[in-house]
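The structure appears right after this line, and notes come after that.
Order of the sequence lines sets the chain letters (A, B, ...), proteins ahead of strands, with each chain counted from 1.
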Amino acid sequence: MSIPIRTGSRAPTSSARSAGDRIFRVLSLGVAGMILLIVAGIFAQLALGSAEAFALFGLGFLTGQTWDVSMLVFGALPFIAGTVATSVLAMLLAVPLGVATAVFLSEIAPRRLAIPMTLLVELIAAIPSVVIGLWGVMILGAFLRDGVEVPVVGAFGELPFLGSAASGSDLLAASLLLALMITPTIVAITREVLSTIPQSHREAFLGLGATRWETIRAVVLPQARTGIIGASLLALGRAMGETMAVTMTIGNADRLPSGLFDPAQTIASKLATSWGEASDGVERSSLIALGLVLLFLALALVLATRLLARGSLRRSGIGR
Amino acid sequence: MPETTARAKEVTAEPDLEEIEVRELIRVIPAHHARANDPEAGDLPGAMNLDAVSAWYGAFRAVRDVSMAIPSRQVTAMIGPSGCGKSTLIRTLNRMHEVIPGSRVGGRVELDGQDIYGSTVDPVRVRRVVGMVFQRPNPFPTMSIFDNVAAGVKLAGPRPDRPVAEIVEHSLRRAALWDEVKDKLASRAVALSGGQQQRLCIARALAVEPEVLLMDEPCSALDPIATAKIEDLVRELRDSVTIVIVTHNLQQAARISDQTAFFFVDEARSGHLVEIGPTSAIFVAPREQLTQDYVSGRFG
């Protein structure tokens with residue numbers, strides 16, 4: 001059914017306006033299409049570039065433990081392991097810390113304290129990662145080596161899950177640094193989510209004779225669950241992809257680490273350290289294959305976020 | 001049902017105070033106001049007494065020097081124009097006002113003779129005895145119907161003499177909701193209609209067996225039929241719990257309350273008590289001209 005809006009004296013302006021509308025539509029379609037093209041291009045380039053490596057090693061590339069340039073044997077497992085280990089460790093530290101901080105800032109702290117503290121937390125997010133990396137090498141790494149790792153290894157020898165290198169440039173240092181870097185993300189998003197929970201829900205529970213802590217646990221946190229999951233996955237994405245600070249502190253050893261005190265390598269840090277001097281051919285192709293693996297890891301994460309968010313929205317009845 | 005429909009019609013007229021006629025109000029005031037003069041009522045628990053109560057938000061004084069008595073097991077209605085501090089005042093009665101940052105309460109609020117703002121009094125305990133129902137139905141969205149009602153019971157810890165399920169059923173029956181939800185206790189509370197949600201919130205508040213139930217415009221978000229149900233409920237609950245209800249609806253106050261307190265704002269926008277008395281007196285023969293003008297719909 002057509003509506004006669006173009007009749008009468010307004011017809012000329014109206015057609016000029018609709019021309020503008022058309023131009024805008026073509027433009028926005030073009031930009032949106034470009035995004036698709038770019039993503040597809042990245043995928044194609046990575047797939048093409050890594051073809052040689054996958055042709056040579058097959059899926060064994062993913063499980064190969066050796067990365068040897070002179071023998072031309074390349075396996076991704078040490079880097080996958082390094083990426084997963086640092087990210088998971090960082091998450092284990094940052095999620096409780098970040099959620100607790102957000103709860104404190106939005107539920108407990110008086111405004112006078114909450115405002116400057118929020119600003120401070122956001123400032124941490126603004127520190128360039130190379131600066132955090134510098135701090136990690138000079139202060140954190142040195143402290144871990146002299147204050148934690150050397151004494152522990154000295155006292156107990158080599159422990160399982162710890163390893164013995166104790167150089168201060170290792171999984172532990174990189175994970176701690178990552179935790180520091182992703183905490184602000186978790187705090188910021190969680191705080192945002194908490195602020196959307198109606199005050200009357202808190203008051204209703206307080207009105208039943210609940211303490212503030214009971215209210216946070218039984219009413220506030222359950223309602224914020226979806227948001228906290230989203231915040232955590234976003235932070236995990238950042239942890240997996242973070243390059244500079246990790247490269248500077250992880251010790252850059254291309255082998256499976258045996259423990260927290262062992263140097264290791266993530267996919268991102270491997271690419272950053274090796275790309276520049278990699279020879280054409282299999283090595284370069286293998287590095288590109290690493291990039292593809294990282295991309296898939298990140299993609300899986302985005303999908304997981306969507307599924308989790310949708311699932312728990314449906315359960316809590318908010319997304320009806 | 002015809003009675004409900006008739007009442008529903010009256011409620012529909014709520015925003016338009018000018019249509020209210022004193023004559024009509026007199027008609028709807030039932031005989032229950034005799035209770036206001038019942039000398040035995042004073043011996044039951046749940047009596048409150050306010051002495052020069054003021055409430056501030058930061059520097060702004062929303063309530064100024066309110067002194068009044070809230071007799072046990074009666075319905076006290078608080079009426080007055082928007083911004084006259086009714087909602088703020090009711091929130092001082094269970095120490096909910098102080099939850100807002102920067103807020104402050106002055107004066108003395110007694111519950112059965114004890115100052116609830118005393119230095120040794122835990123606000124958490126006050127709120128167990130003085131329950132609250134809010135303007136908008138606010139069931140906990142992450143909980144089932146059952147868990148919503150059980151939430152407060154579980155806070156106090158399990159009671160060996162009464163299983164939680166029994167308390168939940170009893171509370172839902174008291175809130176006249178049991179028959180509607182007994183087959184879907186495990187489903188989400190937010191799936192209920194607005195009126196059912198509000199009765200659920202009442203059941204939730206009743207489950208911890210308060211002596212006093214504060215209702216802050218409990219029908220303002222409800223349709224006329226749901227409103228009528230809540231009003232019926234208030235009349236029934238009056239026998240077992242003291243009720244303080246804030247309402248914008250004069251007819252509602254006239255229908256369900258034993259005594260009515262009329263509040264107004266002064267030049268500094270502070271709310272204060274103009275007059276309090278048996279509901280029939282406030283609506284038919286108030287002492288103050290201001291009250292007379294308000295209840296006859298001359299302004300609002």
Side-chain angles (χ1 to χ4, degrees), chain A residues 99 103-118 190-191 193-230 308-320, chain B residues 58 90-91 93-102 122-144 147-157 187-192 197 200-202 204-210 212-216 221:
Chain A
V99 171
V103 165
F104 174 74
L105 289 177
S106 83
E107 305 288 321
I108 297 166
R111 279 177 65 84
R112 263 182 327 223
L113 189 64
I115 291 170
M117 271 191 70
T118 306
T190 305
R191 235 176 50 85
V193 172
L194 293 178
S195 72
T196 63
I197 297 171
Q199 182 62 21
S200 80
H201 288 173
R202 298 184 182 87
E203 291 182 354
F205 206 58
L206 288 172
L208 295 174
T211 61
R212 188 135 63 162
W213 164 239
E214 286 166 336
T215 307
I216 290 169
R217 211 191 45 193
V219 175
V220 175
L221 286 181
Q223 284 193 54
R225 222 184 65 128
T226 310
I228 293 173
I229 292 173
L308 271 171
R310 204 181 301 157
S312 91
L313 275 182
R314 204 180 297 131
R315 268 193 303 283
S316 61
I318 298 162
R320 281 195 308 145
Chain B
I90 203 174
R91 290 166 60 90
L93 303 185
N94 67 340
R95 297 193 60 170
M96 195 60 85
H97 179 66
E98 67 202 52
V99 169
I100 298 163
D122 180 2
V124 170
R125 290 197 58 82
V126 172
R127 294 183 199 128
R128 295 196 71 83
V129 186
V130 185
M132 191 160 205
V133 175
F134 298 78
Q135 273 186 32
R136 301 198 149 270
N138 55 358
F140 305 124
T142 56
M143 296 184 198
S144 67
D147 287 341
N148 260 277
V149 183
V153 183
K154 286 176 180 164
L155 281 174
S187 54
R188 285 176 295 107
V190 282
L192 296 172
Q197 286 187 23
L200 179 68
C201 293
I202 293 174
R204 181 175 71 187
L206 290 174
V208 296
E209 295 183 351
V212 182
L213 188 60
L214 308 175
M215 306 177 102
D216 184 4

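Listed here is the closest heavy atom pair of B:Phe134 and A:Ala204: CE1-CA, 3.5 Å. Closest approach of B:Leu155 to A:Ala210, counting heavy atoms only: CD1-CB, 3.4 Å.
Interface residues of residues 195-203 of chain A toward chain B, defined by a heavy-atom distance below 4.5 Å and sorted by number: A:Gln199, A:Ser200, A:His201, A:Glu203.
For B:Val130, the part lying under 4.5 angstrom from a heavy atom of chain A is the backbone only. Heavy-atom distances place no part of B:Pro210 under 4.5 Å from chain A, backbone and side chain included.
Atoms CE and CD, from B:Met143 and A:Gln223 in turn, are 8.5 Å apart once rounded to the nearest 0.5 Å.
Within the 4.5 Å cutoff, no side-chain heavy atoms of B:Arg128 are placed close to those of A:Leu208.
Partners of B:Arg95 under the salt bridge (Lys or Arg N to Asp or Glu O under 4.0 Å) rule, at least two apart in sequence or in another chain, are B:Glu98. Here B:Ser144 pairs with B:Asp147 under the side chain to side chain donor-acceptor pair (under 3.5 Å) rule; sequence neighbours left out. Residues that satisfy the side chain to side chain donor-acceptor pair (under 3.5 Å) test with B:Asn148, not counting sequence neighbours, are B:Arg204.
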